[in-house]
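What's counted below: heavy atoms across the whole structure, side chains too, no hydrogens, waters or symmetry copies. Here the structure is a predicted model, which is why all the values come from computation and not from measurement. Naming: A, B, ... by sequence-line order, numbering from 1 per chain.
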Protein chains: 2
Amino acid sequence: MADTLTGRRRSVLQETRCQTCSLSSLCLPLALEVEDMDQFDAIIRRRAPLKKGEALFRQGSPFTSVFAVRSGSLKQVTTEGSGEDQLTNFYLPSELVGLDGIDEEHYPGTVVALETTTVCEIPFDRLDHLSESLPELRGQLYRSMSKELRDDRRMMRLLSRKTADQRLASFFTSLSERFRRRGYSPYSFRLSMSRADIGNYLGLAVETVSRILGRFQSQGLVAVSGREVNILDLPALTRLAEEEGAH
Amino acid sequence: MADTLTGRRRSVLQETRCQTCSLSSLCLPLALEVEDMDQFDAIIRRRAPLKKGEALFRQGSPFTSVFAVRSGSLKQVTTEGSGEDQLTNFYLPSELVGLDGIDEEHYPGTVVALETTTVCEIPFDRLDHLSESLPELRGQLYRSMSKELRDDRRMMRLLSRKTADQRLASFFTSLSERFRRRGYSPYSFRLSMSRADIGNYLGLAVETVSRILGRFQSQGLVAVSGREVNILDLPALTRLAEEEGAH
DNA sequence: TTTCCTTCTTGATCGTGGTCATGGCGCCAT
DNA sequence: ATGGCGCCATGACCACGATCAAGAAGGAAA
């Protein structure tokens with residue numbers, strides 16, 4: 001009995017070890033040597049999987065940790081004053097959640113699981129302290145934040161210069177690319193988010209999302225059935241996504 | 001003669017010292033002790049002032065440094081493929097330029113002076129190395145990036161949910177607040193950017209910017225004459241800026 | 001199953017803001 | 001002064017996508 005428990009505990013720990021994690025080539029410790037990775041492993045905390053709809057943290061709660069997505073997906077939503085919610089990000093496995101909370105010491109948005117999702121919790125004070133002695137880790141942290149800045153700029157361009165069609169096309173090509181990098185099919189995947197989420201994220205009404213999905217389908221660009229997506233003509237989608245403005 | 005030169009050189013160095021800089025309470029070394037600030041001082045590099053229209057760096061050139069604005073102002077512009085330019089940011093004194101270049105080791109946009117502008121150059125490798133031994137500096141760097149992430153999210157909300165009026169109102173209240181924090185009048189200032197820049201930044205056509213400025217003027221919210229701005233009713237502007245959607 | 005409720009689709013109408021076109025104004029160079 | 005040229009303002013028109021409205025399809029719980 002005791003043995004079983006120990007065994008089980010060990011296997012749980014095993015699961016959370018970066019060295020055995022399939023995402024290690026994409027995730028924060030990517031640049032670390034084996035011995036350094038052990039140190040990093042020692043500070044991360046396991047969390048019980050989140051069920052669909054559960055919040056990882058809520059807007060305004062004190063910032064303590066950043067999180068790396070292990071499996072599943074999440075969305076970040078911010079509510080401001082009188083206004084409606086704004087969905088500012090989707091997070092996929094290996095991505096870091098919560099970096100925008102460092103500044104004001106609380107999280108600027110609520111992050112919610114879109115499906116059953118597991119994350120690694122990384123207490124920020126310990127991460128910061130460890131980054132003192134591990135330059136590679138520090139560099140990777142800087143790079144992660146810098147990449148997020150860059151992605152944000154891309155999003156601003158999308159929101160201020162692209163038509164609805166181009167936005168949807170960008171959304172699909174970007175998802176496709178992110179799946180590809182993670183070793184999944186870039187052509188066939190399941191959307192974990194609703195049409196409303198997509199619309200909110202892209203600055204479009206739900207109805208517009210639906211209509212354009214229909215149009216894409218009739219143009220032979222994608223085959224969509226509910227949340228199941230098959231990309232039929234990735235080059236055409238990419239072209240569409242990279243055009244700009246209306247003309 | 002040699003004495004004069006030495007004196008001059010010393011005074012130039014003096015100018016660039018963080019301890020005597022009026023921005024030190026807002027800028028990167030804000031959290032440093034006096035002795036640590038000397039170390040930081042030692043790595044920053046003086047640059048000749050940029051004239052209006054001159055580029056600090058160009059899109060695609062190798063990332064080497066971040067820059068702190070000392071005086072003047074700049075804009076960041078990215079060009080993508082076939083598309084038009086997108087103005088992603090304006091920079092005022094004490095703000096850090098170039099953080100989004102860390103990731104891919106080149107600058108993702110061209111940064112251009114909007115008027116005569118001086119900056120402090122901070123070579124990133126030396127900054128990173130120094131951040132190893134100065135936790136306060138490291139923390140401030142994390143916070144700067146985190147703040148920029150947060151500002152980007154605010155901008156996304158503006159671009160995807162606000163009407164043209166609300167965007168202009170946000171633009172003015174935000175500028176007003178930034179001037180106030182820097183010790184300038186929050187009610188009366190000069191725009192260093194053109195209407196076209198404002199429109200590009202806010203995702204609006206120049207004509208729309210002009211029209212709404214006219215409307216604001218006739219509503220008694222602001223008095224605008226060319227690039228000279230007087231804010232007459234800041235509370236009303238703030239209310240307008242914080243409303244959301246059309247309704 | 002049946003029910004209930006959420007999510008998605010499709011249609012009709014309308015409004016904000018983009019586009020095009022023109023004219024005025026400020027600013028600099030000569 | 002006198003062009004010349006960006007920059008800015010204003011008017012007329014139009015299109016993209018939001019909004020309103022209704023119904024279909026999917027999913028969870030009894």
Rounded to whole angstrom units, what separation is found between the CD atom of A/Q217 and the C1' atom of C/dT9? 12 Å

Between A/S65 and A/E121, is there a side-chain donor-acceptor contact under 3.5 Å, judged purely by atom types and distance? yes

In this structure, how many angstroms lie between the P atom of D/dA18 and the CZ atom of A/R195, rounded? 16 Å

DNA chain C: A/L213 or B/L204, which has the more 5' nearest nucleotide? A/L213

Below 3.5 Å, does any donor atom in the side chain of B/E207 face an acceptor in the base of C/dC20, or the other way round? yes

With a cut-off of less than 4.0 Å, is there a side-chain N or O of B/T208 near OP1 or OP2 of C/dG18? yes

Under 4.0 Å, heavy atoms only, any strand: does A/G199 hit a base, just the sugar-phosphate, or nothing? nothing

Whole-Å distance between C/dT7 C1' and A/D197 CG? 11 Å

Indicate, with a heavy-atom threshold strictly under 4.0 Å, whether A/S194 touches base, sugar-phosphate, or nothing. sugar-phosphate

Would A/S94 and A/R182 count as having a side-chain donor-acceptor pair, cut-off 3.5 Å? yes

A/S176 side chain to A/F172 backbone, donor-acceptor under 3.5 Å: no

Interatomic distance where CE belongs to A/M193 and P belongs to C/dC8 [whole Å]: 11 Å

Tell me the interatomic distance from A/K52, atom NZ, to D/dA28, atom C1', rounded to whole angstroms. 11 Å

Has the side chain of A/R211 got a donor or acceptor that lies under 3.5 Å from a partner of the other kind on the base of D/dT19? yes

Is the closest side-chain donor-acceptor distance between A/R195 and A/N200 under 3.5 Å? no

Just by distance, with hydrogens left out, do B/T118 and B/S71 show a side-chain donor and acceptor under 3.5 Å apart? yes

Interatomic distance, B/R190 CZ vs C/dG26 P [rounded to whole Å]: 13 Å

Here's a test of your reading of the structure: between B/G214 and A/A205, which maps to the more 5' nucleotide of DNA chain D? B/G214

Between CG of A/L202 and P of D/dG17 the distance, given in whole Å, is 12 Å

Measure CD/A/E228 against C1'/D/dA25 and give the value in whole Å, please. 16 Å

Just N and O in the side chain of B/R227: are any of them under 4.0 Å from OP1 or OP2 of C/dG26? no

